[in-house]
Number of protein chains: 2
Amino acid sequence: MPLDDLDLKLLKLLKENARTPYSKLAKELGISESAVRKRISRLIKSGIIKKITIEYELINEIKAIILVKTQPPVPVPEVSKNILKIPGVEIVYELTGEYDILVIVRASGIEMINKFIDEIRSIPGVTSTYTMVVLRTWI
Amino acid sequence: MPLDDLDLKLLKLLKENARTPYSKLAKELGISESAVRKRISRLIKSGIIKKITIEYELINEIKAIILVKTQPPVPVPEVSKNILKIPGVEIVYELTGEYDILVIVRASGIEMINKFIDEIRSIPGVTSTYTMVVLRTWI
DNA sequence: CTTGAAATCCGGTCGGA
DNA sequence: TCCGACCGGATTTCAAG
């Protein structure tokens, strides 16, 4: 699907604040409110906008990043799907390089991170993991 | 700030779809619309909700993850702030472990990723980087 | 939590490229 | 045919009580 300059601007504005009223977005872009609405629904239908969401951080919560190595013949997407099923997993990236998968998890404490690691290591195809705890997030 | 069970449920619902009307959220939680609105603004003011945003993916765009090592005496947050200034950087995590910082960037091509790496390496305190290209994202 | 007014949302329709 | 502007009625938002 071809995106024009207005679509890109719209995505930037929504990235910054996804709850901006359509009318305000319309004013910023110089088009009508209905046009904004139609563009957004087109972007969602075509899969370009994957989610309208919030970034949040709880005081008593830890974020961790787990790098995962996998082994043939299990396909990497198979492993990814299984990881995604684990509650607390926020996002899964498949990668080039030494590691095949990167997982971001949200945990209530170190014990829960350990549970994540154990669960991930028990998935068929996973050969090893490397975990880093997030100390601070900059958005 | 103490969060009750409703706050946590609210955060989950907003994570799933941040554009859900307050009235619908209210119905789901069994409280009034104004209560939902007040809770949300409290969550935003207290810094728990950091951003209302969209996840999107363009066809001709590449996401990459850059792991960064730094060196004393430059404080890590100093480096993070400098990285965050680079246009195209989505998020910066400070980490425990072998690497001090993880950066997620959005680029129009390999050349742009190279530019990111060069820029990051030129920041005082950065000693080395390791880059992985994202092949697929699971949310 | 309720109320009422203002703003926003949303489907339908029309006209031009 | 596709896109954007316009027009209502329904819904939601928001501040005051």
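Chain A is the first sequence line, chain B the second, and so forth, proteins listed ahead of strands; every chain is numbered from 1.
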Contact class for R42(A) (heavy atom, under 4.0 Å): base, sugar-phosphate, or nothing? nothing
Separation of E33(B) atom CD from dA6(C) atom P, in whole Å? 17 Å
Rounded distance (Å) that lies between atom P of dT12(D) and atom CG of N17(B): 13 Å
Name the residue closer to the 5' end of DNA chain D, choosing between A35(A) and S34(B) according to the nucleotide with the nearest heavy atom. A35(A)
Does atom CG of N60(B) have more than 12 heavy-atom neighbours from other groups under 6.0 Å away? no
Face-on cation placement of R106(B) at F116(B) ring, 6.0 Å and 45° thresholds: no
Looking only at the side chain of P21(A) (C-beta and beyond, no hydrogens), which of the listed nucleotides dT13(D), dT8(C), dA5(D) gets closest? dT8(C)
Interatomic distance, D5(A) CG vs dG4(D) C1' [rounded to whole Å]: 17 Å
Using a cut-off of 4.0 Å on non-hydrogen atoms, how would the nucleic acid contact of K38(A) be classed: base, sugar-phosphate, or nothing? base
Nearest-Å distance for atom pair CG/P, residues L6(B) and dC1(C): 10 Å
Atom CG of D4(A) and atom C1' of dG4(D) are separated, to the nearest Å, by 12 Å
Is atom NZ of K12(A) surrounded by more than 12 heavy atoms (other residues, nucleotides or ligands) closer than 6.0 Å? no
Whole angstroms only, please: what is the CD1-P distance between I31(A) and dC2(D)? 19 Å
R37(B) CZ to dA7(C) P, in whole Å, measures 15 Å
Just checking S23(A): base, sugar-phosphate only, or nothing, at a heavy-atom cut-off of under 4.0 Å? sugar-phosphate
I'd like to know whether R121(A) forms a side-chain hydrogen bond (donor to acceptor under 3.5 Å, both in side chains) with T129(A), so could you lay out the CA-CA distance, the side-chain angles of the two residues, the decisive distance to 0.1 Å, and finally the verdict. CA-CA 7 Å; R121(A) 292 179 91 103; T129(A) 63; 2.9 Å; yes
NZ of K27(B) versus P of dT12(D): gap in Å, rounded? 8 Å
